[in-house]
Amino acid sequence: MTGQVYLEDVEPGYAIPVLAVTVTETQMFFFSAATYNGHRIHYNKDFARDAEGYDNVLVQGPLQAALLSRALTDWVGGAGRLVSFSVQNRAIAYPGQELRFGGVVTGKRDLLVDLDIFCRRGDDVLMPGTATVGLPRRNAS
């Protein structure tokens, strides 16, 4: 979405713009370095396959959560704010897969908007969650 979204612009059922990201192994490496996550399952294919039984290295759950929070903060704009954010990592993702991050408005109260949020791969929900954002009023005095 371009520009600022306002409280008056959304109602329950409103779907926020989806952020589509294909995570690369390079992105995963830098994320592991930045978060001090040295688990080999995120960078060593042989370890992921032989020791853990996966087909490839795994995209970090916290990286998926960070991308989901980015989808929300991009949407709320500079005058909006992320108030609360809670997710559950329920399934794995591999690098090179398109992941889609978004949400649907479930309610409004005062200046707050509640959402059901998600990270999806195709039709599969990998990371469901909830969030609350604060949005400005269009004609705030």
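- If you chain together ILVMFWY residues whose side-chain heavy atoms come under 4.5 Å of each other, F30 ends up grouped with F29.
- Cluster annotation: L135 is not connected to Y6 through the hydrophobic network of ILVMFWY side chains, with a link wherever side-chain heavy atoms come within less than 4.5 Å.
- At least one side-chain heavy atom of V133 sits under 4.5 Å from a side-chain heavy atom of W75.
- When the side-chain contact (heavy atoms from CB on, under 4.5 Å) test is applied to Y94, the partners found at least two apart in sequence or on another chain are Y54, D55, N56, L58, I92, Q97.
- When all heavy atoms of P128 and V125 are compared, the closest pair comes out as N-CG1, 3.8 Å.
- Scanning for salt bridge (charged side-chain N to carboxylate O under 4.0 Å, His left out) contacts around D9 gives R138, with sequence neighbours left out.
- A distance-only check finds a donor-acceptor pair linking the side chain of N44 to the backbone of D46 [under 3.5 Å].
- Here salt bridge (Lys or Arg N to Asp or Glu O under 4.0 Å) pairs that include residues 15-30, with residues two or more places apart or in two chains, are E25-K45.
- Residue pairs meeting the salt bridge (Lys or Arg N to Asp or Glu O under 4.0 Å) criterion with at least one member in residues 32-44, sequence neighbours excluded, do not occur.
- Not counting sequence neighbours, D110 has no partner by the salt bridge (charged side-chain N to carboxylate O under 4.0 Å, His left out) test.
- Between I117 and L72, the closest side-chain pair of non-hydrogen atoms falls below 4.5 Å.
- For the side chain to side chain donor-acceptor pair (under 3.5 Å) test, no residue two or more places apart in sequence or in another chain qualifies with D123.
- Using a 4.5 Å heavy-atom threshold, the side chains of Q64 and L67 count as separate.
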Give every donor-acceptor pair under 3.5 Å between a side-chain atom in residues 98-109 and any protein atom, sequence neighbours left out.
| from | atom 1 | to | atom 2 | distance (Å) |
| --- | --- | --- | --- | --- |
| T106 | OG1 | D114 | O | 3.2 |
| K108 | NZ | L7 | O | 3.0 |
| K108 | NZ | V10 | O | 2.9 |
| K108 | NZ | E11 | OE2 | 3.2 |
| R109 | NE | D114 | OD2 | 2.9 |
| R109 | NH2 | D114 | OD1 | 2.9 |

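- Take R90 and apply the side chain to side chain donor-acceptor pair (under 3.5 Å) test, not counting sequence neighbours, and it matches Q88.
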Counting only pairs under 3.5 Å, give me each side-chain donor-acceptor contact of residues 76-85, with atom names and distances, residues two or more places apart or in other chains.
| from | atom 1 | to | atom 2 | distance (Å) |
| --- | --- | --- | --- | --- |
| S84 | OG | T132 | N | 3.4 |
| S84 | OG | T132 | OG1 | 3.3 |

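- F118 and L126 are members of different hydrophobic clusters when ILVMFWY side chains are connected at heavy-atom separations under 4.5 Å.
- For the residue pair G61 and M127, the shortest heavy atom distance occurs at O-CE, 3.4 Å.
- In the hydrophobic clustering, Y43 connects to no other residue, as no ILVMFWY side-chain heavy atoms lie under 4.5 Å from its own.
- Connection of I41 to F31 is not established within any shared hydrophobic cluster, with ILVMFWY side chains joined at heavy-atom distances below 4.5 Å, either directly or through further cluster members.
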Kindly indicate, with the supporting measurements, whether the criterion side chain to side chain contact (heavy atoms under 4.5 Å, CB included) is fulfilled by V57 and H42.
CA-CA 5 Å; V57 292; H42 301 301; 5.6 Å; no
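- Considering only heavy atoms from C-beta on, T24 stays 4.5 Å or farther from P95 through its side chain.
- A continuous path of hydrophobic side-chain contacts links L68 to M28 [ILVMFWY only; heavy atoms under 4.5 Å].
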